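This one's a predicted model, so the numbers in the text were calculated from it and none came from an experiment. Keep in mind that the numbers below use all heavy atoms, side chains included, and drop hydrogens, waters and symmetry copies. Quick note on labels: first sequence line is chain A, next is B, and so on, each numbered from 1.
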Amino acid sequence: MPIDTRPKSPTPSGAGADAADTAVPAASGGSDFIRQIIAADLAGDVAAGRPRRTIVTRFPPEPNGYLHIGHAKAICLNFTVAAENGGRCHLRMDDTNPSKEDVEYVDSITADVRWLGFDWGPHFYHAADYFERLYLFAEELICKGNAFVCDLNAEQMREYRGTLTEPGRHSPWRERSTDENLDLFRRMRAGEFAGGARTLRARIDMAAPNIAMRDPVIYRIQHSSHHRSGDKWCIYPMYDFAHCLSDAIEGVTHSLCTLEFVPNRALYDWVLDHVDLSAHSSRPRQFEFARLNLTYTVMSKRTLRLLVEEGHVRGWDDPRMPTISGMRRRGYTPASIRAFCEGIGIARSDNLVQFAQLEFCVRDDLNRHTPRVMGVLRPLKMVIENYPDGRVEYLDAVNNPEDPSAGTRKVPFSRELYIEREDFQEDPPKKFFRLAPGREVRLRYGYFITCTGVVKNEAGDITELRCTYDPATTGGNAPDGRKVKATLHWVAAAHALPAEVRLYNQLFTRENPARVEEGATIFDYLNPTSLELNTEARLEESLTSAAPGQTFQFERMGYFTVDPDSRTGALVFNRTATLKDEWANVLKRGAEG
RNA sequence: UGGGGAGUGGCCAAAUUGGUAAGGCACCUGACUCUGGAUCAGGGAAUUGGAGGUUCGAGUCCUCCCUCCCCAGCCA
């Protein structure tokens, strides 16, 4: 039965939620090497006269941190590839190391995957739930002479392992009898030995050029309680042993992981080859693809954790973080993240995707689904001298030009307004066609106005603009057909809502901060202006009851979403992304040329 | 200097397995526009890491070389 991949948005998030409700396409256009392999496998079944196998994939996070955009790539791949083939995708906690894991993380992981729009149905699993079966497989290995209990400590084991260029040496405990191994392993389980005192190792080849095959540890003693199995176990299986067997137990057909696991594939296959899998229908195979790297950020869980723990950001869900929760708080939609993951493709070469590609995806989604509103970030007072004092007009404003069904709203207009400070220049450069002395522009949905004067303080700073309006241009159209080169957003001074607006910039100053130079640390590359707090913003009054999670386009300024910190009367917005800005490109070119 | 993986416009990424280098992002130009947004139309940009070789024909096959990434946790 095909899994349901329709997005389900647990958080009410205004326009963003609407965007999320767009169904995941059943089949995406692209055909990467993984999809090709699966198609070939299926075709092979048919050609051989076998029943067409059910494609089963899985997303197997370790609950030791929050999910990030790199995980989203893997999540989208696994879930959509299964759905495209009428198969299913499991969500499995790869929780074999209790010392690093916590339920906090399993909760955030399930919430994030769901928020992204994927549904694992009843197929939610924990490697921990397989501990008993895994243990039995280990005994089987022992009985077959393929595993032994080793008494070497960690340091000794490192010495025996050899190096990249030298083979390792056999452990002195490698030739223990089956009986002794079994006895010792059972006593390991029974808790007779201290943590780290002994290990169970696969008996493979200490001279293997692939270090993963040099008698790898498959069980270690760890006297710590597990977030799921409690104190039932004091021995825990290692990844290489647990993962392939978990895949086999679940009937996973295609086990997709990232490139750093390529050397582990030999061990993945070795374990499956040396254990009796006849009770299980499928023989899983591992395929690797390149992990995602994004410019100006990092994807390493370790680094992300340090950013949180050392207080460089406010938490895992800080809007500057590449975490799913951070991006959600920043205003990214599930649909935009999915579109991004589809857009970058799946391949095996190392990559560094430009942030602009991600931004394109949010803008593309938000543009179509987000209501427009007017908000002035850096207010400059404007007085319309020929507009009657005390008069208030309610003008019609379009909610979303991309979506007529979004309707219109009323915005108050009066004699005193605020406009964006950067929309006025006393001595405008060429190609600046906003407001300047003597120049006429349109106030959106309002009137044509002409700047007639500038008021300055003693320091020479502009504090106020004096203008006149043309009453014949109500609504923003000139009956005589005359044109104006710019349309400015504005808010009525007396009606405007004050708000805190958090403007985010790149977290790091380097395109690839993970590439740390000699003598530096990654934290040397933190961008000191990654967060700009703006407390002077003035927003249109329709935003009074804007609720956390709702997203708006502040016309001409960008996309903004209401932060959970926000309260009526004390609104807080996060800038999701700016609008594409041709004027900024003009300025940049001028600076470069 | 062992093993493995990878090199295609600025960034991603295709190329029906030998048939004459898609597409997206970014950038530029024009049209349109009550968002310098969106939309539409167009454009520049690749001797496919390099050198040889096989072939009528090579991004795809062969040889050699260069560069980058991963592996020496009782992490995943």
Spacing of CD1 belonging to I449(A) relative to CG belonging to D470(A), to within rounding of 0.5 Å | 11.5 Å

Between G3(B) and R214(A), is there an OP1 or OP2 to side-chain N/O distance shorter than 4.0 Å?
-> no

If C25(B) has a Watson-Crick or G-U wobble mate with both distances under 3.5 Å, name it; if not, just say none.
-> G10(B)

Flag this pair as yes if the NZ/CZ of R201(A) is under 6.0 angstrom from the six-membered ring centre of F148(A) and inside a 45 degree cone about the axis; otherwise no.
-> no

Where the side chain of E582(A) is defined as all heavy atoms beyond and including C-beta, which of C27(B), A14(B), G36(B) is the nearest nucleotide?
-> G36(B)

Decide whether a cation-pi geometry holds between R482(A) and F448(A); the criteria are a distance under 6.0 Å from NZ or CZ to the six-membered ring centre and an angle within 45° of the ring axis.
-> no

Is the Y105(A)-H227(A) ring centre distance short of 6.0 angstrom?
-> no

Check whether any side-chain N or O of R589(A) sits under 4.0 Å from OP1 or OP2 of C28(B), and answer yes or no.
-> yes

As its Watson-Crick or G-U partner within any shown strand, both distances under 3.5 Å, C68(B) has G5(B)

Below 4.0 Å: OP1/OP2 of C12(B) and any side-chain N or O of S349(A) | no

Y219(A) and F185(A) aromatic ring geometry - parallel, tilted or perpendicular at 30°/60° bounds | perpendicular

Any N264(A) side-chain nitrogen or oxygen under 4.0 Å from OP1 or OP2 of A76(B) = no

Upstream residue (5' side of RNA chain B) when R556(A) and D151(A) are each assigned their closest nucleotide = R556(A)

Length of the line joining I346(A):CD1 and C12(B):P, which is rounded to integer Å = 14 Å

Do Y447(A) and Y469(A) make the cut of ring centroids closer than 6.0 angstrom?
-> yes

Toward the 5' end of RNA chain B, which comes first, A197(A) or N351(A), by nearest nucleotide?
-> N351(A)

Quantified in whole Å, what is the P atom distance between nucleotide G53(B) and nucleotide G10(B)?
-> 28 Å

Table of protein N/O atoms under 3.5 Å from nucleotides 69-71 of chain B N/O atoms:
residue : atom : partner : partner atom : Å
C69(B)  : OP1  : R515(A) : NH2          : 3.4
C69(B)  : O4'  : D350(A) : OD2          : 3.3

Quick one: is Q357(A) getting a side-chain N or O under 4.0 Å of the G10(B) phosphate, OP1 or OP2?
-> no

Do E250(A) and R58(A) sit within salt-bridge range, that is, some charged N less than 4.0 Å from a carboxylate O?
-> no

C61(B) pairs with which nucleotide, Watson-Crick or G-U wobble, both distances below 3.5 Å?
-> G53(B)

Proximal nucleotide (of A13(B), A72(B), G36(B)) relative to the W583(A) side chain | G36(B)

Which whole number of Å gives the distance between the C1' atom of A41(B) and that of A46(B)?
-> 25 Å

Hey, is the side chain of R363(A) poking within less than 4.0 Å of OP1 or OP2 on U39(B), counting only N and O atoms?
-> no

Pairwise side-chain contact, L256(A) with F289(A), heavy-atom cut-off 4.5 Å (strictly under) = yes

Record whether the side chain of R158(A) comes under 3.5 Å of the base of G73(B) through a donor-acceptor pair of N or O atoms.
-> no

Counting only side-chain N and O atoms of R348(A), is one of them less than 4.0 Å from OP1 or OP2 of C68(B)?
-> no

